[in-house]
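Treat the numbers as computed from the prediction; the structure is a model and nothing was measured. Residue numbers begin at 1 in each chain, while the letters A, B, ... track the order of the sequences.
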Amino acid sequence: MNNESLSFILIDSLLLHNFVLSVFLGMCSFIGISGKRATAVRLSLAVTFVITMSSILCYFTNRLLVQSGTEYLRIILYIVIIAAMVQLTEMFIKKTNPSLFRQLGIFLPLITTNCAVLAVPLFQTSRGYSLLQSVVFAVGASGGYTLAMYLMSEARERLELSDLPDLSRGAVATLTIAGILSLAFMGFSGMGGE
Amino acid sequence: MSQHKDGEAQHGVAYNPNNGLEAFLSGLWEQNPVFVQVLGMCPTLAITNTVRNCIAMGLATMFVLVCSNTLVSMIRKLVPKQVRIATYILVIATAVTVVDYLVKAISVPIYQALGPFIPLIVANCIVLGRAEAFAARNPVGAAALDGAGVGIGFTFGLSCIGAIREVLGAGTLLGFSVFGPNFQPWVLFQLPPGGFFTLAIWLASMTAWKRRRQNRLVLAAQASEVRV
């Protein structure tokens, strides 16, 4: 059991240990899709839904696994749950909002291999969070992901018009901005107290 | 493979060499997963603060790549097209479970240093990319060689980043002191921003080097034309 308070878990996963900028999770989508603000934010919302739902399902699955003594199946079952949740989200968006579905394209099924999604259930298991703590952690972590995506897409939309040296276009510029954002987020460390 | 010869790097997961040996060699350098394809960024940035971690992570990923490529290649004719990605992910997850327990058995300190990034190999796009682009269309031997090549290339890429971060950030290399006791470590390179900056510097210098090589080739071609 873990007795961290809910507000501490929320602030910790949102700012102190931001999933993208200080734990380095979900980098592929962070670098790949953060070019346009609208797409980035919508994809982050889809990721938020998948993370929260799979966090709850994985919590119960883990209890079953511990009871039956088959913890070695954990990674396999977690990824199956995530794949199922992604499929569900995909079907839901396709039905309710076909234009958004076309806009997100290949990146929607790729949420399955977004490591931020798999990391939430893995972390909550290794830290021994309760159900409520897990949900708060999932919301905080995906909120942190959305925040990082939003900041990054804003910065990149502005960079489009600026005159960068030829060598530093593309991935190099993105990584440098990410580094600067990450420096800024280090300013939060120490918040919440030890 | 003709595109590679003129120094143009092909970006993307879907390169598909003709045989095992070619696959092995192109995974090492021409299509290096870290520097050319820029895939598998999470472990590339997260665990590269010491060279020891980089080598351990690289070898673990290589093990998963060889296992999953071999298995996927074995079952490639049995799997219906619609469920192939799900099947590949299950195969990869099984290999990752094996490597998770292996690393824990071999060295507990390394297991603790790598933390959640060993189970997260499941979500590494390099592994799924190679299963889909190469192993699903090629015989077992070639697929295994391809996995080994990409794995070694990944280990090499990680170690390049890790070496810079460890030397500047801690003044050591593989745990041995480089600059002597009076060195004031540049701690930034051990922290998360250092990872971003180091990778950015490496990518920029790779692009610069490639462009120079290409320019020189063009100049040489022009010179020979003039002579004729």
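Here the CD1-CG distance, from A:I75 to B:L90, works out to 12.5 Å after rounding to the nearest 0.5 Å. The line from SG of B:C42 to CZ of A:F30 is 11.0 Å long, rounded to the nearest 0.5 Å. Separation of atoms OG1 (A:T112) and CG (B:L128) is listed at 9.0 Å; rounding is to 0.5 Å. Considering CG of A:L175 and CE of B:M41, their distance stands at 5.5 Å, rounded to 0.5 Å. One distance of note links OG1 of A:T174 with CG of B:L199; it measures 11.0 Å at 0.5 Å rounding. Atom OG of A:S22 is separated from atom CG of B:L45 by 12.5 Å, given to the nearest 0.5 angstrom.
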CA sep, side-chain torsions, deciding dist, call: A:L183, B:L188, side chain to side chain contact (heavy atoms under 4.5 Å, CB included)
CA-CA 9 Å; A:L183 264 180; B:L188 177 77; 3.6 Å; yes

Evaluate ring pair (Phe, Tyr, Trp, His ring centres under 6.0 Å) for B:F117 paired with A:F24, printing each intermediate quantity in order.
CA-CA 10 Å; B:F117 285 93; A:F24 298 116; 8.0 Å; no

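Contact of A:F185 with chain B is not made at all, since no heavy-atom distance falls under 4.5 Å. Looking at A:A83, neither its backbone nor its side chain comes within 4.5 Å of chain B, counting heavy atoms on both sides. Residue contact with chain A, scored on non-hydrogen atoms closer than 4.5 Å, is absent for B:I85. At a 4.5 Å heavy-atom cutoff, the contact between A:I76 and chain B is made by backbone and side-chain atoms alike. Of the two parts of B:I201, neither the backbone nor the side chain holds a non-hydrogen atom closer than 4.5 Å to a non-hydrogen atom of chain A. In this structure, the portion of A:V80 lying under 4.5 Å from any heavy atom of chain B is its side chain and not its backbone. Proximity to chain A (any heavy atom under 4.5 Å) is restricted, for B:D100, to the side chain, taken from C-beta onward. With a 4.5 Å cut-off on non-hydrogen atoms, A:L73 does not touch chain B at all. Of the atoms belonging to A:L118, heavy atoms from both backbone and side chain fall under 4.5 Å from chain B.
Taking all atoms of both residues into account, the shortest heavy-atom contact from B:P192 to A:L21 is CB-O, 3.8 Å. Looking at every heavy atom in both residues, A:T176 comes nearest to B:F197 through O-CE2, 3.6 Å. When all heavy atoms are compared, the tightest approach of A:M27 to B:F196 is CE-CE2, 3.4 Å. Across all their heavy atoms, B:L120 and A:A119 have their closest contact at CD2-N, 3.9 Å. Between A:C28 and B:C125 the shortest heavy-atom distance is SG-SG, 3.1 Å. Considering every non-hydrogen atom in both A:N114 and B:A123, the closest pair reads C-CB, 4.3 Å.
Counting non-hydrogen atoms of neighbouring residues, nucleotides and ligands closer than 6.0 angstrom, the CZ atom of A:R63 reaches no more than 12 such neighbours. The number of heavy atoms from other shown groups lying within 6.0 Å of CZ (A:F92) does not exceed 12.
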